[in-house]
Amino acid sequence: MNVAVTGGLGSGKSTVSKILAVAMSAEHLDTDQLCRQQMQRGNPGFNAFLQVFGNRYLLDDGSLNRQLLRQAVFADSGVKNELEAILHPLVRKQVAEYYTHCCTVGKSLVVEVPLLFEVGWQKDFAMCVVVYVPEELCFSRVAVRDGFSVSEIQRVCATQLPLSEKLKFAHFVIDNSGTFVSTVQQVAWFKKNLQAGQQPK
Ligand code: ADP
């Protein structure tokens, strides 16, 4: 089985997907991390990026100037769209190929996909789990984790579907606003229902 874990910035996707992968004895992938790997020099994403953007966003040593590119993505939706058009198909294919491998070795796969519904990948997965946390708590956790200001966090959130909308597409919702223990218990409940062959509620 393959399970996607999504949610808002700082809602706890990474936390929940890792707990879930351990609970299911599953493999784990993080699509943000796959995007970053694609953009390393010599990888397919980086090569395709060079074809489109040339050396506009490179450092003197030929590697990617991530800070400059991040600023451009925020400032110019054209850059964002072109970058996504390069990376999304590559990452989607990587996830599919890895899931094929998991199936051959009899393992499940848990995949963290921040923009699951925005990019329309939900049908690729047997289960879509949304991690929910009220906005103010997301903001304070992200501020602690990344040192971002509220306006920076709001800018990122504005590019995503509101968490309230994501909840409508969920097969299962994990409320991560409580303690880690509470989250682990909800993950255990989800897994128990999966094993029983029931749609978790
Ligand atoms: P996301 O992957 O959605 O951006 P993370 O899983 O990285 O979110 O969680 C954001 C921050 O909140 C991290 O610093 C994480 O350790 C913290 N965090 C996650 N879940 C909880 C929780 N239940 N209680 C307290 N802190 C949490």
Roughly how far, to the nearest 0.5 Å, is the [atom2] atom of [Y] from the [atom1] atom of [X]?
X: Asp76; Y: Gln71; atom1: CG; atom2: CD; value: 13.0 Å
X: Leu109; Y: Asn2; atom1: CG; atom2: CG; value: 6.5 Å
X: Ile153; Y: Asp146; atom1: CD1; atom2: CG; value: 7.5 Å
X: Cys138; Y: Leu9; atom1: SG; atom2: CG; value: 7.0 Å
X: Leu194; Y: Leu20; atom1: CG; atom2: CG; value: 8.0 Å
X: Asn176; Y: Arg141; atom1: CG; atom2: CZ; value: 5.0 Å

Side-chain contact test, heavy atoms from C-beta onward, threshold under 4.5 Å: evaluate it for [X] versus [Y] and give yes or no.
X: Tyr57; Y: Phe49; result: yes
X: Leu64; Y: Leu69; result: yes
X: Ile19; Y: Thr183; result: yes
X: Val5; Y: Val110; result: yes
X: Leu29; Y: Tyr99; result: no
X: Gln186; Y: Ser182; result: yes
X: Lys192; Y: Val187; result: no

request  = Give me the ring orientation class for Tyr98 and His101: parallel if the planes are under 30° apart, tilted from 30 to 60°, perpendicular past 60°.
outcome  =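 Ring orientation of Tyr98 relative to His101: tilted.
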request  = Specify whether His88 and Trp121 have parallel, tilted or perpendicular ring planes, treating 30° as the upper limit for parallel and 60° as the lower limit for perpendicular.
outcome  =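 The arrangement is perpendicular - the two ring planes meet at more than 60°.
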Residue pair [X] / [Y]: nearest heavy atoms and the distance that separates them:
X: Leu68; Y: Arg56; result: CD2-O, 3.8 Å
X: Phe53; Y: Glu82; result: CZ-CB, 3.8 Å
X: Ser17; Y: Ser14; result: OG-O, 3.2 Å
X: Val130; Y: Lys166; result: CG2-O, 3.6 Å
X: Thr6; Y: Pro114; result: OG1-O, 2.9 Å
X: Ser63; Y: Asp61; result: OG-OD1, 2.7 Å

Same cluster for [X] and [Y] if Ile/Leu/Val/Met/Phe/Trp/Tyr side chains link at under 4.5 Å?
X: Phe46; Y: Val52; answer: yes
X: Tyr132; Y: Val3; answer: no
X: Val111; Y: Met127; answer: no
X: Leu167; Y: Leu115; answer: yes
X: Leu161; Y: Val156; answer: no

I'd like to know if the side chain of [X] reaches the main chain of [Y], judged simply by a donor and an acceptor atom lying under 3.5 Å from each other, with no hydrogens or angles considered.
X: Thr31; Y: Leu34; result: no
X: Ser11; Y: Val133; result: no
X: Asn43; Y: Gly45; result: no
X: Gln38; Y: Val91; result: no
X: Asn81; Y: Ser77; result: yes
X: Arg66; Y: Arg36; result: yes
X: Asn55; Y: Leu58; result: no
X: Lys107; Y: Cys102; result: no
X: Ser25; Y: Ala21; result: no
X: Gln33; Y: Asp30; result: no

query = Could Lys18 and Glu112 be called an ion pair, given the rule that one side-chain N must be under 4.0 Å from one carboxylate O?
reply =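 No salt bridge links Lys18 with Glu112.
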ask   = Any salt bridge between Lys168 and Glu165, counting N to O under 4.0 Å?
value =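 Judged by the 4.0 Å cut-off on N to carboxylate O distance, Lys168 and Glu165 do form a salt bridge.
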query = Sequence neighbours excluded, which residues qualify as salt bridge (charged side-chain N to carboxylate O under 4.0 Å, His left out) partners of Lys13?
reply =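 Partners of Lys13 under the salt bridge (charged side-chain N to carboxylate O under 4.0 Å, His left out) test: none.
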key: Asp175: partners by salt bridge (charged side-chain N to carboxylate O under 4.0 Å, His left out), with sequence neighbours left out   =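 For Asp175, no residue satisfies salt bridge (charged side-chain N to carboxylate O under 4.0 Å, His left out) once neighbours in sequence are set aside.
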request  = Take Glu152 and Ser149 through the test side chain to side chain donor-acceptor pair (under 3.5 Å) and record every step on the way to the result.
outcome  = CA-CA 5 Å; Glu152 282 171 315; Ser149 67; 3.3 Å; yes
ask   = Around Glu135, counting heavy atoms of other residues, nucleotides and ligands shown, do more than 12 lie under 6.0 Å from its CD?
value =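 For Glu135, atom CD is not crowded (no more than 12 foreign heavy atoms under 6.0 Å).
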